Amino acid sequence: MIVEVEKQRHGIDLIKIDNDETNIVFTNFGARVVSWKYHDNNIVLGNKVEADEFYPSNPFHFGATIGRYAGRIGNASFNLNGETYQLEANNHLHHLHGGSNGLDQRLFNYDIQDNITNIKITFTVQHKSMEDGYPGDMFIKVIHTYDVEHRWTVEYEAQSNQDTLFNPTNHVYFNLNRDNNVIDNHKIKSEQLNMYPVDSHNLITSTSPIDLVTIFKSNCISFSDIFNSDNAQLKEQVDARNGLDHPFDVGNKQFFIENDEFLLDVTTTMPNVVIFTFNDTTSWDSDFNIYKAHSGVSLETQFLPNDINVYGNKAQSILKANDTFYAKTMYHVAEK
Ligand code: G6D
């Protein structure tokens, strides 16, 4: 495996890893994945040529680390230990993806370890208490590892000096098609595919999910079948937003995305995954916007969005002072 660093403007570095059949590129801007290729086929959405211009203005968080909190916090406010915290309302009345000063917008420090069977990049950053509305000074590590078997692993380690919320994810969008045509032909497979219904602002409306395996009598379902389903509850959810933008419970914390040529295996320690099929790309007014609806699918492994307002002090995203947070997600791609 070969690793090299390319410097672009504004302190943005590309860290390029070559592993023969595959290569992958990360950047210190948002500790993000910029490109992942199997031979000539781009399997994720991104731009490594003009990364320094593309990413600071990318409203769809391509490949970025999201934090402190992935997804929405309803009414941009939460209560913790009897104290109410008001966050930036950057999505209607709600707070989304840690706000405009979230981890995706931060330049991380980094260190590269070139091991025999993998290359490990440890990105670090500090978040000061209240600079983004959340309590607690945090020290956050995002570790991206790429190994000889073409497996990308992302690990998160973090501590806070006060009780706080922490719900990180990576906002990578996949497209396994060689011609980059829409992902409607991709299938999702898992022992369980339970989808939480959401309201018009994409906040969950019920903790009783819709069981897709029962509806489709299969645990391997194409996105086009989901988009065209006659099931009344599913149809109402899909039609209202031209696709999926929903949290799921998957079976055994593992699921697969596939087309005829590639199989992506995703394994995580996190309990949920938000599946977003890039339903409306028109709001991004930029020459960089070459995307149409369903150009990719993001697979955001995380705790249930808005859990703090749904479950209160039982929310899994609560990180206690001086405890160590740890989570890991692995993506393995193979040709069929
Ligand atoms: C997330 O759930 C959200 C979407 O609604 C948002 O548009 C996207 O990130 C950028 O997946």
Side-chain angles (χ1 to χ4, degrees), residues 29-30 32-33 44-47 54-76 87-105 154 167-175 182-183 186 188 195-205 209 223 226-227 237-250 255 257 266 268 270-286 288-310 317 329 331:
F29 183 66
R32 73 183 71 211
V33 61
V44 302
L45 305 187
N47 179 333
F54 184 83
Y55 289 104
S57 65
N58 179 284
F60 291 104
H61 308 275
F62 279 25
T65 298
I66 302 293
R68 301 187 193 195
Y69 196 99
R72 291 170 181 78
I73 295 184
N75 294 316
L87 303 166
E88 178 193 3
N90 60 333
N91 188 260
H92 304 285
L93 297 172
H94 315 295
H95 178 77
L96 177 63
H97 292 333
S100 52
N101 195 22
L103 292 179
D104 60 309
Q105 294 300 315
V154 52
N167 186 10
T169 193
N170 185 285
H171 211 297
V172 58
Y173 294 79
F174 286 93
N175 183 325
V182 292
I183 53 78
H186 290 30
I188 181 164
M195 165 182 154
Y196 289 84
V198 295
D199 66 16
S200 60
H201 286 177
N202 297 309
L203 288 161
I204 68 158
T205 52
F223 284 111
I226 296 176
F227 297 154
Q237 288 291 314
V238 166
D239 288 356
R241 49 193 58 77
N242 187 35
L244 293 180
D245 191 353
H246 295 84
F248 279 72
D249 292 333
V250 294
F255 61 99
I257 300 286
V266 184
T268 184
M270 292 299 260
N272 299 102
V273 54
V274 172
I275 299 181
F276 172 55
T277 50
F278 207 1
N279 303 321
D280 178 9
T281 60
T282 57
S283 61
W284 186 17
D285 181 17
S286 161
F288 285 124
N289 186 1
I290 55 168
Y291 305 96
K292 55 186 171 203
H294 304 175
S295 287
V297 54
S298 75
L299 308 168
E300 304 155 49
T301 55
Q302 59 172 106
F303 299 124
L304 196 68
N306 201 32
D307 69 342
I308 186 66
N309 291 316
V310 176
S317 65
T329 298
Y331 308 87

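Since we're looking at a predicted model, the values are computed, not measured. Both ligands and their constituent atoms are indexed starting at 1 by order of listing.
Using a 3.5 Å distance cut-off with no hydrogens or angles, the side chains of His97 and His61 do not pair a donor with an acceptor. Using modelled atom types and a 3.5 Å distance limit, the side chains of Asn90 and Ser100 yield no donor-acceptor pair.
The backbone N or O of Thr205 lies less than 3.5 Å from no partner atom in the side chain of Asp199, so there is not a single donor-acceptor pair.
Each of the atoms 1 (C), 11 (O) of ligand 1 lies under 4.0 Å from some heavy atom of Glu300. Each of the following atoms of ligand 1 lies closer than 4.0 Å to a heavy atom of His171: 1 (C), 8 (C), 9 (O), 10 (C), 11 (O).
In terms of heavy atoms, Ala293 sits closest to Asn242 at CB-ND2, 3.7 Å.
For atom 7 (O) of ligand 1, the closest non-hydrogen atom on the protein side is Phe276 CZ, 3.6 Å. Nearest non-hydrogen protein atom to atom 5 (O) of ligand 1 is Asp245 OD2, 2.4 Å. For atom 1 (C) of ligand 1, the closest non-hydrogen atom of the protein is His97 NE2, 3.1 Å.
No close placement of the Phe60 and Tyr173 rings is indicated, their centers lying 6.0 Å or farther apart.
When only interatomic distances are considered, the shortest N/O to N/O separation between Arg72 and ligand 1 falls below 3.5 Å.
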